[in-house]
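Throughout, a chain's letter reflects where its sequence line sits, starting with A, and its residues are numbered from 1. Heavy atoms only: backbone and side chains are in, while hydrogens, waters and symmetry mates are out.
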Amino acid sequence: MLRIADLHATVARHEILRGVDLEVRTGEVHALMGPNGSGKSTLAHALMGSGDYEVTQGSVSIDGEELLGLATWQRAQRGLFLAMQYPVEVPGVPLEEVVGAALDARGAPRADLHARVVAEARTLGVPDELLGRGVNTEFSGGEKKRAETVQLAVLEPKFAVLDEIDSGLDVDAMRDVARRVYALARERHVGVLAITHYARLLAELRPDHVHVFLAGRIVRSGGPELADELERTGYEGIAAELGIDELTVVRPFPEADPFGDPTIASNPFADPLA
Amino acid sequence: MTAAFTADAARALGGPEWLVRRRLSAVERLAEVAWPTPSEEIWRYSRIDQLDLDRYRPFAPEELGAPGDERAPGGGPWAAEAGKHAGMIVVRDGRVVHHELDPALEAKGVRACGIATCEDDQVSTLMGRASGASEDAFTVLHDAFVAGGAFVHVPAGVVVEDPILVLHWCEGDARASFPHTLVALGEGAEATVLDRFGSPQTDHLVDAVTELLVDDNAHLRYLTVQEHGTRTWHLGLLRAHVGRDATLRTSAVALGGDYARLRSEALLTGQGAESDQLAVYFGDGQQMLDFRTLQDHDAPNTRSDLLFKGAVEDEARSVYSGLVHLRPAAKKANASQTNRNLVLTEGASAESIPNLEIEANDVRCSHASTVGPIDDEQLYYLESRGIRPEEAERLIVLGFFDDVFERLPVGALTRGLRRSVVDKLEHARARR
């Protein structure tokens, strides 16, 4: 079980995470939905141990083992995987080399690595040609997300955090990615925490649990029906119902939003490409 | 000038009369040469003020052996590492001690031999044709004491498929050696040449000149590898003249030396000529690796590209200073120049100074230069996959150099050269 308890984190002494509690069991799929600026990405990076965030309180554990205090690579070796919202270009280091080094680091065999990478790349629609380049180097936004999913599928972590894996994906790509993640959860028992602000991911990902994340914490949890409610009311509706007047903790940077218009953030069902 | 570098010493090196005369004329010019200081732009950031020529003397003939006196059987491990090759010239302390060439190529008029001993009447007119156009104090000193050197000549229309190796070994404390490599390709000829330099842990001065003469429509691929011991000083000129529609790809891998400087220059003399200059350098310890490049366009529709990539750690320093010069004749020329540096530790530093001088109209020109540490985001990304920081750093550094390594000629050497970079990285890390 991935257990997050009372997690608080700051950036430049500004508190972004304000007490996050969440339990993800092996093989479960959780969707965590929140508007831009609610602190979703901070949660993802705080879990992975990025040096850009300071955890001030709380606990993160996998199967009872505390992860806070461990380095990023140690957390990954304990079974945590983060599919990044903005995967980093590493020139001259192809995806297969990244995954190979990751397996080496775990003491896992590289057996059939090439075949597995090629097979996953085909499933996820990553052209062979991209496998010859440095990972993410001059990949399109959608290709980066597909490539993250290839790595996830080959590494088969215990728990995967997907930080807006759906942003920048067209409908076909999103379906490929969501179906592969769903299969990993159901067949390989990967526990999944999918962070998103678009509900369209959920149709294919079929989460067991849905959480609404506002202003640095989970304000409501429920089953798939919670997504339906969100569709009707928007984040404002949920906030009003709960008497919360603050939706965000960080000002969304319009230039960082790939779809430009920050008003979209409040409505998860708006067409982001319109 | 110092006491050891005398006309008598130059004369004593022997060889054909033209070469002796050439040396003595250089000795005369040496008297008037102004020795460089770091206050000159072209020596800025260098350690030239630390050079004490009095520490060195040229080899005496009895140390080198007489011209034509061949005493080495072959190129040892270096020859084996280069894989299949068409010919080989072994040069010790600037004098050719062994040469061999595929007889089928010999029959076509190809030559791979010694400057001081070969029976090619062109060598005396070809020598200095390129280096003479870019004279400095060290080329004059070189000309005064050059014992001989390697001569590779591929006549017009002849294609040499496999590389020709020129293997230089320099050894001996308090000695200076003057290796020379002269490569001439006739019209339409093609060849690949490896020019590899090394020395043991010896307090030695290497004053080297390589000249590449690429005639019209000829195609030359050239790789120089410098792996001197850490007490050796190396001052090298690599200069190419490239004719009409000819192509040149030079590449340099610089790993060794205490202070090692390479001037890498390509003059595009004919319409449609192209040059690509590549380099990989990695400095550690107290090393300084110093590059001065020139992309000199003197004809229309010429194209040049340059990609120099380096890394420094410990207290090592590197200098890249490059000039793209588009002369008035260089209409519709296209030139690009890129220098990228990784500074791996706080004590290390890299200078990068790209320059443009554009005297022609209707040209395309670009330059880029970066100096910085390993990107934290890249490290974090790889660590998020479970890769330890040391391994992530190794992958990023090798990946950084990859687009140069991929393009090096003499592919058989590439794996070993990558390994040498990893070794340096690991040794430096062990000292941290």
Portion of B:E391 that has a non-hydrogen atom of chain A nearer than 4.5 angstrom: side chain
Part of A:P87 within contact of chain B (heavy atom distance under 4.5 Å): both
Per-residue contact mode, B:I387 against chain A (heavy atom under 4.5 angstrom): both
Value rounded to 0.5 Å, distance of CH2 in A:W73 from OG in B:S384: 14.0 Å
Cationic N near anionic O, under 4.0 Å, B:R385 to A:E148: yes
Leading residue by heavy atom contact count with chain B [cutoff under 4.5 Å; candidates A:V93, A:L152, A:N136]: A:V93
A:R188, CZ atom: more than 12 neighbouring heavy atoms under 6.0 Å: no
Partner chain B: residue of A:G51, A:P94, A:A102, A:A71 with the largest heavy-atom pair count (under 4.5 Å): A:A102
Polar side chain donor-acceptor pair, A:D52 to B:Y380, under 3.5 angstrom: no
Inter-residue atom distance A:T72.OG1 - B:L382.CG, 0.5 Å rounding: 11.5 Å
Heavy-atom check, side chain of B:Q378 versus side chain of A:P91, under 4.5 Å: yes
Pairwise distance OG(A:S50) to CD(B:E377) - rounded to 0.5 angstrom: 7.0 Å
Residue A:D104 versus chain B: region with a heavy atom under 4.5 Å: neither
Interface moiety of A:V135 toward chain B, non-hydrogen atoms closer than 4.5 Å: side chain
Which of A:L155, A:L103, A:V98 touches chain B most, by non-hydrogen pairs under 4.5 Å: A:V98
B:R364 atom CZ, over 12 foreign heavy atoms within 6.0 Å: no
A:E89 versus chain B, the contacting section by heavy-atom distance below 4.5 Å: backbone
Inter-residue atom distance B:Y381.OH - A:M48.CE, 0.5 Å rounding: 12.0 Å
Close side-chain approach of A:V90 to B:L395, heavy-atom, < 4.5 Å: no
